[in-house]
**Q** 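Okay, here's the structure, questions in a sec.
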Amino acid sequence: MKNIAYKYRIYPNKKECILLSKILGCVRFVYNKMLEEKNEYYREHHTLIGMALAHYKKDYV
């Protein structure tokens, strides 16, 4: 089976650019928060932890 990749170029208007910036900012925040907590847990317990996004939804929505 061959892997096939497609590239698409998008041209968002100003309103869509603002929305994309907000969404990517939120994603970046949650990713960094999860990474920080995982690293902290690992430093304290020397084991890995699985985290769920639902945990952050109730705290930051």
Side-chain angles (χ1 to χ4, degrees):
M1 181 175 191
K2 280 188 168 183
N3 290 334
I4 298 174
Y6 296 97
K7 278 188 176 181
Y8 292 97
R9 190 165 273 237
I10 61 171
Y11 300 99
N13 61 31
K14 188 172 183 172
K15 193 174 183 180
E16 292 168 335
C17 283
I18 293 170
L19 181 61
L20 285 170
S21 293
K22 288 180 181 182
I23 291 169
L24 294 175
C26 292
V27 169
R28 189 179 310 115
F29 172 79
V30 171
Y31 174 82
N32 288 331
K33 194 72 173 160
M34 288 181 77
L35 185 61
E36 176 187 352
E37 289 186 15
K38 280 184 155 192
N39 288 339
E40 184 178 316
Y41 185 87
Y42 185 78
R43 279 192 295 272
E44 292 175 9
H45 303 283
H46 301 290
T47 58
L48 297 177
I49 184 174
M51 310 218 32
L53 287 175
H55 168 74
Y56 297 96
K57 188 174 182 180
K58 65 182 175 187
D59 291 340
Y60 296 106
V61 170

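All residue numbers in this chain count up from 1 along the given sequence. Just the heavy atoms: all of them, side chains too, but no hydrogens, waters or symmetry mates, feed the values below.
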**Q** Are L35 and L53 connected in the hydrophobic side-chain network, where two residues link if heavy atoms are under 4.5 Å apart?
**A**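 Shared cluster, no.
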**Q** Does I4 share a hydrophobic cluster with Y8, counting links as ILVMFWY side-chain heavy atoms below 4.5 Å and allowing steps through other members?
**A**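 The answer is yes; both residues are in one hydrophobic cluster.
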**Q** Only one of K22, E16, K15 forms a side chain to side chain contact (heavy atoms under 4.5 Å, CB included) with I18, so which one is it?
**A**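 Result: among K22, E16, K15, K22 is the only option passing the side chain to side chain contact (heavy atoms under 4.5 Å, CB included) with I18.
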**Q** Are any of the side-chain heavy atoms of L48 and Y41 separated by less than 4.5 Å?
**A**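 Not touching, per the 4.5 Å side-chain cut-off.
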**Q** Clusters formed by hydrophobic residues whose side-chain heavy atoms approach within less than 4.5 Å: which one holds L24, and what are its other members?
**A**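 Listed partners: none, L24 stands alone.
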**Q** May I ask you to test the V30-M34 pair for a side-chain heavy-atom distance under 4.5 Å?
**A**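 Side chain of V30 against side chain of M34, heavy atoms only: contact under 4.5 Å found.
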**Q** Could you check Y42 against I49 for side chain to side chain contact (heavy atoms under 4.5 Å, CB included), going step by step and ending with a plain yes or no?
**A** CA-CA 8 Å; Y42 185 78; I49 184 174; over 6 Å; no
**Q** Say you draw a straight line from NZ of K38 to CZ of R43; how long is it, rounded to the nearest 0.5 Å?
**A**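 K38 atom NZ to R43 atom CZ measures 14.0 Å (nearest 0.5 Å).
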